[in-house]
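To keep things clear, I will list the structure first and then write my remarks on it.
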Amino acid sequence: MDLLPDSAPLARKLRNTLIQYHSVGDSEWRLAKKTKDATVWRKPSEEFSGYLYKAQGVVEDVTNRIVDHIRPGPYRLDWDSLMTTMDIMETFEENCCVMRYTTAGQLWNIIAPREFVDFSYTTNYEDGLLTCGISLDYGEVRPNFVRGFNHPCGWFCVPLKDYPSHSLLTGYIQTELRGMLPQSAVDTAMSSTLANFYSDLKKALKT
């Protein structure tokens, strides 16, 4: 079991990596899925052999309330159908924590339940917020779960200039599910999961 890293340099590096993803030109992305709630693109990840996904959609609510529903905390388990448990293992200063969470099986359980331990960091970005995370090799792996790994991931949430009560939510996700899985099944699941994330989030914010 690894020791916990120093939170400040990790948070800084994570933020810089996400800002770098956010500046990647449109021509590098390939459309993966489009729904009424969100558009999902992908490009080969530079971190592992899978894809970096980009998801984007307009959400009718203020930035702080949206990010409170996404980042580790009491709201997330209530609405995110993929997440089955979540525990905050460690809390640092500056909106940093380490959380352990589990996800439900997907694609008729072709993808079995997964466990993740992520470092999470929330910070200001332009007029809005960025909440981001990366997996750590920390803590014992629980039985009946495969330990997955999130390479740098995050959500940028900024108010629309002309409609400040609406926010543009842009996510960057690159999850290495690990275990013996056909890559095509993983790719199908990722695009659908990200599109569903937006529709579930919108429903939760209206309640």
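On a predicted model such as this, the values are computed, not experimentally measured, just so you know.
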Path from [X] to [Y] over hydrophobic side-chain contacts below 4.5 Å:
| X | Y | answer |
| --- | --- | --- |
| L77 | F116 | yes |
| Y163 | V62 | no |
| Y172 | Y121 | yes |
| I134 | I19 | yes |
| I66 | L82 | no |

Between the main-chain N or O of [Y] and the side-chain N or O of [X], is there a donor-acceptor pair closer than 3.5 Å?
| X | Y | value |
| --- | --- | --- |
| S192 | A189 | no |
| Y198 | L169 | yes |
| S199 | N196 | yes |
| R114 | L177 | yes |
| S167 | D61 | yes |
| T84 | T102 | yes |

Evaluate whether atom [atom1] of [X] has more than 12 neighbouring non-hydrogen atoms of other residues, nucleotides or ligands under 6.0 angstrom away.
| X | atom1 | result |
| --- | --- | --- |
| N144 | CG | no |
| F145 | CZ | yes |
| F48 | CZ | yes |

Nearest heavy atoms of A104 and S81, plus distance in Å:
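The pair with the smallest heavy-atom distance is CB-O, 4.4 Å.
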
Over all heavy atoms of both residues, which pair between G73 and M86 is shortest? Give the atoms and the distance, please.
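G73 and M86 have their closest heavy atoms at O-CE, 3.1 Å.
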
Side chains of D187 and Y53, donor plus acceptor under 3.5 Å:
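Present: a donor and an acceptor within the cut-off.
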
Checking side-chain polar atoms at under 3.5 Å, does Q56 have a donor or acceptor matched by the opposite partner on T39?
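Q56 vs T39: no donor-acceptor pair found between side chains.
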
Tell me who clusters with L129, hydrophobic residues only, linked when side chains sit under 4.5 Å apart either directly or through other members.
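V67, which link up through side-chain heavy atoms under 4.5 Å apart, make up the rest of the cluster.
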
So do the side chains of E47 and P152 get within less than 4.5 Å of each other, counting heavy atoms only?
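Yes, side chains in contact.
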
[atom1] of [X] to [atom2] of [Y]: how many Å apart, nearest 0.5 Å?
| X | Y | atom1 | atom2 | value |
| --- | --- | --- | --- | --- |
| W79 | D200 | CH2 | CG | 6.5 Å |
| T35 | D37 | OG1 | CG | 5.0 Å |
| L18 | C153 | CG | SG | 8.0 Å |

By side-chain hydrogen bond (donor to acceptor under 3.5 Å, both in side chains), which residues pair with S135, not counting sequence neighbours?
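So S135 forms a side-chain hydrogen bond (donor to acceptor under 3.5 Å, both in side chains) with D118.
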
Mind checking ring pair (Phe, Tyr, Trp, His ring centres under 6.0 Å) for Y125 and listing every partner two or more places apart, or none if nothing turns up?
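With neighbours one apart ignored, the set is H22, F156.
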
So, using ring pair (Phe, Tyr, Trp, His ring centres under 6.0 Å) as the criterion, who are the partners of Y21 when residues are at least two apart?
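Y21 satisfies ring pair (Phe, Tyr, Trp, His ring centres under 6.0 Å) with no residue once adjacent residues are dropped.
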
Got a sec, which residues hit salt bridge (Lys or Arg N to Asp or Glu O under 4.0 Å) with R147, two or more places apart in sequence or on another chain?
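For R147, the residues satisfying salt bridge (Lys or Arg N to Asp or Glu O under 4.0 Å) (neighbours in sequence not counted) are E115.
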
Return the set of residues passing salt bridge (Lys or Arg N to Asp or Glu O under 4.0 Å) with R71 (not counting sequence neighbours), or none when no residue passes.
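R71 satisfies salt bridge (Lys or Arg N to Asp or Glu O under 4.0 Å) with D68 only.
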
Parallel, tilted or perpendicular: rings of W155 and F197 (30°, 60°)
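Answer is parallel, since the angle falls under 30°.
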
